[in-house]
2 protein chains.
Amino acid sequence: MDNYQASLDSIFHALADPTRRAVIQRLGQGEASVSDLAMRFDMALPSFMKHIGVLEVAGLIGSKKVGRVRTCKLEPTKLAVVEKWYDDQRAIWDARYKNLDNLLNNLKGK
Amino acid sequence: MDNYQASLDSIFHALADPTRRAVIQRLGQGEASVSDLAMRFDMALPSFMKHIGVLEVAGLIGSKKVGRVRTCKLEPTKLAVVEKWYDDQRAIWDARYKNLDNLLNNLKGK
DNA sequence: TTGATAGTTATCCATGTGGCTAACTGTACC
DNA sequence: GGTACAGTTAGCCACATGGATAACTATCAA
């Protein structure tokens, strides 16, 4: 399996969890520390950190640690891969309906 | 957790697998029977059927059985939920950058 | 230097996921 | 009827996932 497919796997998997989507949503408004983010969720910190890890492996967020606080930020370019996949997909079925249209027009003797 | 979130869970989970994405891609070109679809994959039928099941539970595909053959078709409207989620997301960070622009303009004394 | 704060690491656990084989059901065809 | 074909059901297995607790490290502040 090529790299793009593996990337889609990890991105979609990362998005298939409400906690992780909420983190992405929150980070859309600006950077935040891990504990700022964690506050909103009824979950032990280590559990929450796993979600951060999944998002980071997928490349959807980045983080850097200064002093003892790790600050996370969104990586919108990586999220855009989702839209690209969707657009590619839509192109396929658009082409199909276009072909159906042509077929119908031909049948009408147009 | 509300229904929309649960729906996103199952949709993104369904998409987080290369076999299932390939099925969606194939169905974008038109309907196909289970065994037509399965042919392309090096996998036992029952294993493949699970993927079909996951896609169907997520609502991304539909199927009907006539005689002994089950025919599957794409449900593009359900796939569109992915784009809606992405657009909602982008709206959030677009708003943020817009605010940053305003801030910068104010600082410039404009 | 002593707390308190912010993460991190190490385990552990129940459940889910993705694959398999074997055996079964129902339909089509000769 | 008998056989082949298209799915389906049942059960098995290894591994991943999402949660937990306990104990640790490192930094900041009094």
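Residue numbering restarts at 1 for every chain, and letters A, B, ... go by the order of the sequence lines.
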Parallel, tilted or perpendicular: rings of B:F12 and B:W85 (30°, 60°): perpendicular

Let me know the distance between CZ of B:R70 and C1' of C:dG26, rounded to the nearest Å. 13 Å

Same hydrophobic cluster for B:I92 and B:L8, using side-chain heavy-atom links shorter than 4.5 Å among ILVMFWY? no

Anything under 30° is parallel, anything over 60° is perpendicular, the rest tilted; go ahead and classify B:Y86 against B:W93. perpendicular

Can you tell me how far apart CE (A:M49) and OG (A:S35) are? Round to the nearest 0.5 Å. 10.0 Å

Here's a test of your reading of the structure: between B:M49 and A:G67, which maps to the more 5' nucleotide of DNA chain D? B:M49

Checking side-chain contact (heavy atoms from CB on, under 4.5 Å) for the pair A:L27/A:L60: CA distance, chi angles, key distance, verdict? CA-CA 10 Å; A:L27 289 181; A:L60 293 172; over 6 Å; no

Check side-chain hydrogen bond (donor to acceptor under 3.5 Å, both in side chains) between B:D88 and all other residues, then give those that pass, not counting sequence neighbours. B:K84

Nucleotides bounding contact with chain A, strand DNA chain D, heavy-atom threshold 4.0 Å: D:dT17 to D:dC28

Do B:Q5 and A:R21 have side-chain atoms, one donor and one acceptor, less than 3.5 Å apart? yes

Could you encode protein contacts along nucleotides 13-23 of chain C as a string, one character per nucleotide from 5' to 3', using B for base contact, S for sugar-phosphate-only contact and - for no contact, with a heavy-atom cut-off of under 4.0 Å? ----SBBBBB-

Rounded to whole Å, how long is the line connecting atom CG of A:L37 with atom P of C:dA6? 13 Å

Side-chain donor or acceptor of A:R20 paired with backbone N/O of A:H13 under 3.5 Å: yes

